[in-house]
There are 2 protein chains.
Amino acid sequence: MSVEQIESFVAVAESGGLRDAARRLHITLPPLSRRIRALEDELGTELFERRARGMALTPAGHTFLPHARGILAAIALAARSVAADPPAT
Amino acid sequence: MSVEQIESFVAVAESGGLRDAARRLHITLPPLSRRIRALEDELGTELFERRARGMALTPAGHTFLPHARGILAAIALAARSVAADPPAT
DNA sequence: TCAAATTACGGTCGACGTAAGGATC
DNA sequence: GATCCTTACGTCGACCGTAATTTGA
């Protein structure tokens, strides 16, 4: 499970489909489709239901989403925690 | 920041040097050295002090360590949360 | 001089993008 | 037939490992 996969999952969940999520992530559709598929394979569970008009979260996807957001937030916080700590002006 | 980098950081911190950490991670020294350096570059801070007998955490490294462990734990928990939920026998 | 880390370098594997191919409404 | 996702395929960059170099006690 890579950070890119987690970011991709959140983007697709929030966009409701690959098309807009790919724009948001600045990549094209095929690699995004593959990232999601790889994540699902690794987890052993489908996270999205493929519909005609986009991708909808499965129950497992709904369960995973807050975890995914928490991981991304934890990573951002970790980075900030060691960032140059500008002394209060 | 990749998951491998975070795992590598924790392994080196716990092993006290690259040599044993590399064994633990089943990789050789050079890529491990590069992973740590890349993480430090990305964070803009040295995480280890290079000593003759190994690597010792800097203050920034000490700050980062619990965050790193938390991220790895969150990832493991996220995976378990959607794992095939074997019904109570 | 020894132990540990880093740098150099060549090869391989993975991930991207373009293009073509379903599938669903 | 229009829209969205997926598969095929070729290319290029990233990462690994071996080997050589550097650093510090």
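Quick note on labels: first sequence line is chain A, next is B, and so on, each numbered from 1.
Within the 4.5 Å cutoff, the side chain of A/Phe64 has no heavy atoms near those of the A/Leu57 side chain.
The CZ atom of B/Arg53 sits 12 Å away from the P atom of C/dC2 (whole-angstrom rounding). Counting to the nearest Å, the P atom of C/dG17 and the CG atom of A/Leu18 are 14 Å from each other. With rounding to whole Å, B/Asp20 atom CG is found 12 Å from C/dA3 atom C1'. Residue B/Arg19 contributes atom CZ, which lies 9 Å from atom P of C/dA3 at whole-angstrom precision.
Listed in residue order, the members of residues 37-46 of chain B having a heavy atom less than 4.0 Å from DNA chain D come to none. In the region residues 1-13 of chain A, proximity to DNA chain C at under 4.0 angstrom, judged on heavy atoms, holds for none of the residues.
In the helix from C/dT1-D/dA25 to C/dC25-D/dG1, the end axes, each obtained as the rotation axis mapping the C1' atoms of four pairs onto the next four within a five-pair block, lie 30° apart to the nearest 10 degrees.
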| How does protein contact run along nucleotides 10-16 of chain C, one letter per nucleotide 5' to 3', with B for base contact, S for sugar-phosphate only, - for none, heavy atoms under 4.0 Å? | ------B
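Nearest heavy-atom pair across B/Ala60 and A/Val82 is O-CG1, 3.4 Å.
Two residues, A/Leu29 and A/Arg51, neighbour DNA chain C, and the one matched to the more 5' nucleotide by heavy-atom proximity is A/Leu29.
Legend: side chain to side chain donor-acceptor pair (under 3.5 Å) pairs involving residues 52-63 of chain B, not counting sequence neighbours: none detected. The list of ring pair (Phe, Tyr, Trp, His ring centres under 6.0 Å) pairs with a residue in residues 26-46 of chain B, not counting sequence neighbours, is empty.
Between atom CZ of residue B/Arg37 and atom CG of residue B/Asp41 there is a gap of 7.0 Å, rounded to the nearest 0.5 Å. Between the CD1 atom of A/Ile75 and the CE atom of B/Met1 there is a distance of 6.0 Å, given to the nearest 0.5 Å.
Residues that satisfy the side chain to side chain contact (heavy atoms under 4.5 Å, CB included) test with B/Pro30, not counting sequence neighbours, are B/Thr28, B/Arg34. Under the rule for a side chain to side chain contact (heavy atoms under 4.5 Å, CB included), the partners of A/Ala76 that lie at least two apart in sequence or sit in another chain are A/Arg80. For the side chain to side chain donor-acceptor pair (under 3.5 Å) test, residues two or more places apart in sequence or in another chain that qualify with A/Arg50 are A/Glu40. B/Glu49 meets the side chain to side chain donor-acceptor pair (under 3.5 Å) test with no other residue; sequence neighbours excluded.
In summary, contact between chain B and DNA chain D, defined as any nucleotide atom under 4.0 Å from a heavy atom of the protein, begins and ends at D/dC16 to D/dA25 in the 5' to 3' direction.
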| message | side-chain contact (heavy atoms from CB on, under 4.5 Å) for A/Leu47 and A/Ile36? Distances and angles first, verdict last. | response | CA-CA 8 Å; A/Leu47 299 172; A/Ile36 299 296; 5.7 Å; no
Result block: side-chain N/O donor-acceptor pairs under 3.5 angstrom for residues 3-25 of chain B, not counting sequence neighbours:
| unit_1 | atom_1 | unit_2 | atom_2 | d |
| --- | --- | --- | --- | --- |
| B/Gln5 | OE1 | B/Ser2 | N | 3.0 |
| B/Ser8 | OG | B/Glu4 | O | 2.7 |
| B/Ser8 | OG | B/Arg35 | NH1 | 2.9 |
| B/Glu14 | OE1 | B/Arg24 | NH1 | 3.0 |
| B/Glu14 | OE1 | B/Arg24 | NH2 | 2.6 |
| B/Glu14 | OE2 | B/Arg69 | NE | 3.3 |
| B/Glu14 | OE2 | B/Arg69 | NH2 | 2.9 |
| B/Ser15 | OG | B/Ala11 | O | 2.8 |

